[in-house]
Number of protein chains: 2
Amino acid sequence: MREDIHTTGVPVLCASCEARHRGICGALNSEQLAALAKSTKRHKAEAGKELVGDSRSVERFSNVLSGVVKLTKTLSDGRQQIVGLQFAPDFLGRPFQSESTLTAEAATDVELCSFPRQTLERMMKEQPNLEHRLLEQKLRELDQARDWMVALGRKTAAEKIASFLLMIARNIDPAVSLEGRGAAFDLPLSRAEIADFLGLTVETVSRQITRLRGEKIIRVENNRHVIIDDMSRLAARAGD
Amino acid sequence: MREDIHTTGVPVLCASCEARHRGICGALNSEQLAALAKSTKRHKAEAGKELVGDSRSVERFSNVLSGVVKLTKTLSDGRQQIVGLQFAPDFLGRPFQSESTLTAEAATDVELCSFPRQTLERMMKEQPNLEHRLLEQKLRELDQARDWMVALGRKTAAEKIASFLLMIARNIDPAVSLEGRGAAFDLPLSRAEIADFLGLTVETVSRQITRLRGEKIIRVENNRHVIIDDMSRLAARAGD
DNA sequence: CGTCACGTTGAACGGGATCAATCCCGGTGG
DNA sequence: CCACCGGGATTGATCCCGTTCAACGTGACG
């Protein structure tokens, strides 16, 4: 399978990179990959590191290679809202706009592959396929954003938590969506971050998780590791 | 100004169409416009008409020429959330996906210019510029969606209403955003729809509007017509 | 050991929801 | 002309979910 992607001439950097088949780099042939790789830099950032600052100019875009990046918006008085989560091999950046309107921060330790904004925008003109991939990625982000708007506006705290756990489970282990079987994973977010994502307070998040634990729907180990014991009952609580 | 758009050979249908300079059709030359115009249909729909049904297949995309379209999502028990509003000359449709995951409905009387999904998707391959326009439109929608996530998750009822009024004012009369001067406009949504947009109840929406009226920040005539008397005080209440 | 960050638990409060009555206004028919 | 109707909007009274404030638990690290 995937014989359409020939690895001859592909930069070593890209050879085993997930962004090359599921991410935007899949739009490029080996020549173009090589050209892009010239100005490309792979690097790690540890949890908590700010990657893109609000209203600061953005000179580089990246692919997320591993870990989770959170996108947040902050009101003047400090209230915060997470408006998106990005998993590998998502593209991180807002093309055609030099100022960022949000903050991107490493939620877990992450690996990134970054390249200059200008390089990407130039390549998009030469290779429409690249712009196509980008469009598809942004359409997915839009779909997700709208799903969360429903959660934020209309779901109860209990439903928000259930939806959140399901969403994480599906992103960590795509098999979950197909089979109704259980799942286990590490939460990429702290309680405070979950609260910022769901428009709740830490206390409410904690109480709702305790509740699900009490009803034997999930188990929690070390605060971060979650095991879903009763997937269908959890899904029933998601509300939609 | 705008001598870059020559009108010779442009289909009559498109000659005075706003979508041709601010909308996606601006990406097309007169030949391509003519080709598209062949399978294009202009029509009106009155307020309340369902344009695109949830989980129904979508065979046509459109440009909004006038009026306002609301995009809604509904939970199984009937709770509803408006996840987007579209004004002229916005593009209406979700490319690369035949099933819609939301409902599009005329909020006011609207005029649309629609064309078959397949035609557009074919043209995008020939004319990358078209895909570029679409990307920009969808990026704008994404930015808006994220702004509203902050409102839904973190703003109080009073702040939500203030932000909503400002947002509508800016969309109806773009001059508002530049100058701080007052504005007057007709609300494109009923109280119930505003509630669905802001994640509130009708009663709360009504009370907050009454409050703003009491504080002489706005005036309201015939329930639908709003005059902003004190723009800066209104902006101060938006919260961000 | 103390400290500090993070999470949990408890008690009281309050903003917005809920339930219910009333108003307002355009339309329709006598 | 007025009487009646129906849908949307407003207003009031009460309730409840999630917040707020506060105390306490737990583990990592000096």
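Sequence lines set the chain letters: A, B, ... in the order given, protein chains first and strands last, and positions in each chain run from 1.
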So does A:Thr201 get a side-chain nitrogen or oxygen closer than 4.0 Å to the phosphate oxygens (OP1/OP2) of D:dG18?
no
Donor-acceptor pair present, A:Arg207 side chain and D:dT20 base, under 3.5 Å
yes
Return yes if the base of C:dC6 and the side-chain atoms of A:Glu193 contain a donor-acceptor N/O pair under 3.5 Å, otherwise no.
no
Expressed as a whole number of angstroms, how long is the span from B:Ile194:CD1 to C:dG16:P?
16 Å
Can you say whether the rings of B:Phe91 and B:Phe61 are parallel (under 30°), tilted (30 to 60°) or perpendicular (over 60°)?
perpendicular
Is there a salt bridge (charged side-chain N to carboxylate O under 4.0 Å, His left out) between B:Arg219 and B:Asp229? Walk through the geometry before answering.
CA-CA 7 Å; B:Arg219 266 173 298 156; B:Asp229 284 321; 2.7 Å; yes
State whether A:Arg191 places a side-chain N or O below 4.0 Å from either non-bridging phosphate oxygen (OP1 or OP2) of C:dT8.
yes
Output, in order, the C-alpha distance, side-chain angles, deciding distance and verdict of salt bridge (charged side-chain N to carboxylate O under 4.0 Å, His left out) for A:Asp240 and A:Lys155.
CA-CA 9 Å; A:Asp240 27 35; A:Lys155 288 190 183 176; 3.1 Å; yes
Write down the distance between CG (A:Leu152) and P (D:dC17), rounded to a whole number of angstrom.
20 Å
So, taking the atom named CG in A:Asp230 and the one named CG in A:Leu212, what distance separates them when rounded to the nearest 0.5 Å?
10.5 Å
Just how far, in rounded Å, is C1' of C:dG7 from CG of A:Asp196?
15 Å
Classify the nucleic acid contact of A:Leu200 as base, sugar-phosphate or nothing, counting any heavy atom under 4.0 Å across all strands shown.
sugar-phosphate
Could you tell me the separation between the CZ atom of A:Arg79 and the C1' atom of C:dG15, rounded to a whole number of Å?
13 Å
Rounding to an integer number of Å, can you tell me how far B:Arg211 CZ sits from C:dG15 C1'?
11 Å
Would you say the base of C:dC19 and the side-chain of B:Glu203 have a donor-acceptor pair closer than 3.5 Å?
yes
Integer-rounded Å distance: D:dG18 P and A:Ile161 CD1:
10 Å
Measuring to OP1 and OP2 of C:dT9, would you say a side-chain N or O of A:Thr210 lies under 4.0 angstrom away?
yes
Presence of B:Ser206 side-chain N/O under 4.0 Å of D:dA9 phosphate oxygens OP1/OP2
no
Gap between atoms CG and C1', on B:Asn223 and C:dG26 respectively (whole Å):
12 Å
Assuming nearest nucleotide by heavy-atom distance, tell me which of A:Ile209 and B:Asn222 is located more 5' along DNA chain C.
A:Ile209
Please report, rounded to the nearest Å, how far the P atom of C:dT9 is from the CD atom of A:Gln208.
12 Å
SB check B:Arg133 B:Glu136 (cutoff 4.0 Å):
no
Tell me whether the OP1 or OP2 atom of C:dA17 has a side-chain N or O from B:Thr204 closer than 4.0 Å.
yes
